[in-house]
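The residues of the chain are indexed from 1 along the displayed sequence. Because the structure is predicted, anything quoted here is derived from the model rather than measured.
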Amino acid sequence: MKIIKNLFQYINQSITRKYLNIFTLVLIIPIIIIYYLIIGYAEQTIKKDIVAQNRSSTDMIVKRLNTEMTDVVLQLQLIAGKDTGTQLDLDRMYTQSKQAISQSSIVHSIYYLDQNKKIRFEAPFVKDPSLIYYDYPNFEQVRWSHNYAVSDNILNHSGVNVVTISVPVFSANKKFHGVLVAEISKDYLSEVLKSVSLSKGHFSYITDSSGTVIASTAGQQIGQTSSLHALGGFSETMVIDWQKEKSVAAYQAMQDGWDLVYGVPERIAFEPIQKLSFALRISFVTILVLCLFFTWLGMKSILYPIIRLTEYARTYNPLHTYIPLKEKKKERPDELGLLTDTIINMGNSNYEKQKMLEEKERYLYDVLEGIPYGIITINQENVITYVNLKFEKMVHHERYDMIGLHLSDLPIKSENGDFVLLQTLNSGKQGEEIESDIIDANGKKRMIKITTSRFYNEDLQTIGIIAVMQDISQMKLLEARLKQNDKLALIGQITSGLAHEIKNPLAILYGSAEILLEEAEESECSEEIKELSADIYVVINRMKDIVENFLNFAKINKKQRENILLKSIIEEIIHLLRVKLNETKIQIVKKYEDDSSIKGAYDQLIQVFLNLILNAIEAMPDGGSITITIKGENGNALVIIEDTGIGINEQDLDWLFNPFFSTKESGSGLGLTIARDILAEHDAKLEMVSEMGKGTITTCRFYRS
């Protein structure tokens, strides 16, 4: 039991597995290959012998039966062909038929059918029958072919299944008188098959042209249908099912449409192979066991001390608690014993140092992870060696994907020269606290304050760089908002005064435009002048409303509401902008899915959609298309303006609706703010989605509830 226990213990060790693999490759696998080669060769040899034997037996049976069938045909022709007169000598034919039956083992009976298919005699049983009518199946074939015919399994005039050979009977003047029929003994045919199939387990059977078995070494098979008749013409060896057993058989066609099958079950045919295979398995297993035993004895003196060292190495794992050996056995006095003592002593002396080092490493790790700033370190080859959790959240890259990556391959900078860590490493100076920017995994730019420092080894050589980063993006945004709020307050005071000053000249312009429109309509000027006068009047009127809206920016006046078709507003704006659209080569695509209407102030909504469409036009300096869609959705009315312009970046989208913020150099930054507030007064919401290089989609959603 102890030997078996040690053997299993050895098998579980790494070095043991190596020796066992070598043993398997050198001994076991070749033995298995040799075994299968021997068995395969023996099977092929025996199979060839079986094939040869089957073919030889089928040839012998076919030749013998064909010869006996030919003799029967000759005897029948002699009986039928001696008369030269016009009348037949039935007595002679009957006597000769009896003699032929007595001399032949294959013929069972012979009877004569006249031209009216009536039996005139049946030897050796009845000489003068009472003219029994019998519709012989091969009667017409024999009559017109003037040759003999061999029948399939048929019913004779007594209702018995028989096979027959028939010849025509003619007189000297070639007049047809009838057919002479000989019934073949199926028992004799079966005895012929049994006489040849003397070997143990061999079988054979004969089928007619329809596949019915007419003779067999197994008597119960006679009269059944064989599926092999469909393979007629083949004589190659095949595998068939014989009485629910796989068998190797030969198939050969006989003359006159009969077929012969001869074979032997695989169980019997390959019985010598099975015995040989069993003997070889016993021999190979015995050899294998002996080889394993002697190999184990030879390896024991080397493997056992190595396994002890391996056990000790497993216990001395810095990631687990150290378990010292309970007792120190007396080691062998050779090199392996000395090696074992030395390794155990070294492990025991180093364990406490390893434990102390782990505690300090854990303490340093907790400190770095607890600092509320991003920390990253690189070595002299610019490879990232450590990042803390804060830096991982700052750049949105997995830390385990970053560690081991070259710093320049980390996609947080657009250029390699922008990395402050690389500047510190290359310059040889300590990094000062500077402001920079990084790009996180979502493509968002972050402002950071970064401080770098160098690592040194005991020889004061640089071995790496550490960087501490603070995300100051929000601080920068707040500073910008504070500065902008101060600027807005000052601008608000100035623009309020300007609006008051502009209001009076606009009133004069409004009155003049009204008079100009009246004069143009009453005079006989061109339609274009009338149309331009009307445009001037409408635009000045809208400017007056814009100034009033600006002066009441904190509280937009709620004008009288009325039912307005959104389509009419869009059409009027397209009419007003027709000249600008032609100049900028911009195409308007209209998709009015329904006649949506809302309650609202017409002039204010004109101002909203005019600003939105003008923004779309200005986003396409090289031309393009604007698709305007009006549709209903969940009971609400939607106006969607989609352009193919340059688009807006993600950071600017967050600031678009702030007063005086504009992405255009000449923009005031009030258009979208006023449009949003006007839509809010109309219980509507302004939504914008944009992507750089793919255009902008602006949606005005009017809630009808």
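- The backbone N or O of Gln141 lies less than 3.5 Å from no partner atom in the side chain of Asn138, so there is not a single donor-acceptor pair.
- Considering only heavy atoms from C-beta on, Lys117 stays 4.5 Å or farther from Tyr134 through its side chain.
- Looking at every heavy atom in both residues, Ala123 comes nearest to Ile101 through O-CD1, 3.3 Å.
- No side-chain heavy atom of Ile214 sits less than 4.5 Å from a side-chain heavy atom of Ile222.
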inquiry  = Walk me through whether Met69 and Val150 qualify under side chain to side chain contact (heavy atoms under 4.5 Å, CB included).
reply    = CA-CA 9 Å; Met69 297 284 285; Val150 178; 3.9 Å; yes

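- Contact check for Gln77 versus Leu74: side-chain heavy atoms found under the 4.5 Å cut-off.
- Counting heavy-atom neighbours within 6.0 Å of Tyr400 OH, excluding the residue itself, gives a total of 12 or less.
- Rounded to the nearest 0.5 Å, atoms CH2 (Trp258) and CG (Asp208) are 8.5 Å apart.
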key: Stepwise side chain to side chain contact (heavy atoms under 4.5 Å, CB included) check, Ile154 with Val163   = CA-CA 6 Å; Ile154 61 174; Val163 289; over 6 Å; no

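- Counting only residues at least two apart or on different chains, the side chain to side chain donor-acceptor pair (under 3.5 Å) pairs with a member in residues 147-158 are Glu122-His157, Tyr148-Asp256, Ser151-Thr164, Asp152-Ser209, Asn153-Lys186, Asn156-Glu183.
- Annotation: side chain of Val261 is not in contact with side chain of Thr207 (no heavy-atom distance under 4.5 Å).
- In this structure, CD on Gln224 lies 10.5 Å from OG1 on Thr212, to the nearest 0.5 angstrom.
- In this structure, Val179 and Val167 have side chains that are not in contact, with every pair of non-hydrogen atoms separated by 4.5 Å or more.
- Remark: side-chain polar atoms of Asp594 are paired, donor with acceptor, to backbone N or O of Gly632 under 3.5 angstrom.
- For the pair Ser104 (side chain) and Ala100 (backbone), a donor-acceptor distance under 3.5 Å is absent.
- A donor-acceptor pair under 3.5 Å is absent between the side-chain atoms of Ser216 and the main chain of Gln221, judged by distance alone.
- In this structure, CG in Asn636 is found 11.5 Å from NZ in Lys631, a value given to the nearest 0.5 Å.
- Glu68 and Tyr188 make their closest contact through OE2-OH, 2.6 Å (heavy atoms, listed as atom of the first residue, atom of the second, distance).
- Between Tyr592 and Ile628, the closest heavy-atom pair is CE2-O, 4.3 Å.
- Taking the side chain as every heavy atom from C-beta outward, Val72 and Ile106 approach each other to under 4.5 Å.
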request  = List the steps and the verdict of side chain to side chain contact (heavy atoms under 4.5 Å, CB included) for Val213 and Ile206.
outcome  = CA-CA 6 Å; Val213 178; Ile206 300 173; over 6 Å; no

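- Closest of all the heavy-atom pairs between Ala80 and Val169 is CB-CG2, 3.6 Å.
- Here Tyr136 and Tyr112 keep their ring centres 6.0 angstrom or further from each other.
- For the atom pair OH of Tyr111 and CG of Leu180, the computed distance is 10.0 Å after rounding to the nearest 0.5 Å.
- Counting only distance, with no hydrogens or angles, the side chain of Ser97 and the backbone of Ile110 share no donor-acceptor pair below 3.5 Å.
- There is no side-chain donor-acceptor pair under 3.5 Å between Asp187 and Ser185.
- The CG atom of Leu260 lies 7.0 Å from the CD atom of Gln252; values are rounded to the nearest 0.5 Å.
- Nearest heavy atoms, Gln115 versus Phe139: O-CZ, 3.9 Å.
- Residues Tyr262 and His202 bring their aromatic ring centres within 6.0 Å.
- Counting heavy atoms from C-beta on, the side chains of Ile626 and Gln587 never come closer than 4.5 Å.
- The environment of NZ in Lys118 is sparse: at most 12 heavy-atom neighbours from other residues, nucleotides or ligands sit within 6.0 Å.
- With values rounded to the nearest 0.5 angstrom, Ile630 atom CD1 is found 10.5 Å from Leu638 atom CG.
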request  = Please report the C-alpha distance between Ile588 and Lys590 in whole Å, then the side-chain angles of each, then the deciding distance to 0.1 Å, and finally whether the side chain to side chain contact (heavy atoms under 4.5 Å, CB included) criterion is met.
outcome  = CA-CA 6 Å; Ile588 298 294; Lys590 305 174 186 177; 4.1 Å; yes

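- Across all their heavy atoms, His108 and Ile184 have their closest contact at CB-C, 4.3 Å.
- At least one side-chain heavy atom of Ile640 sits less than 4.5 Å from a side-chain heavy atom of Ile697.
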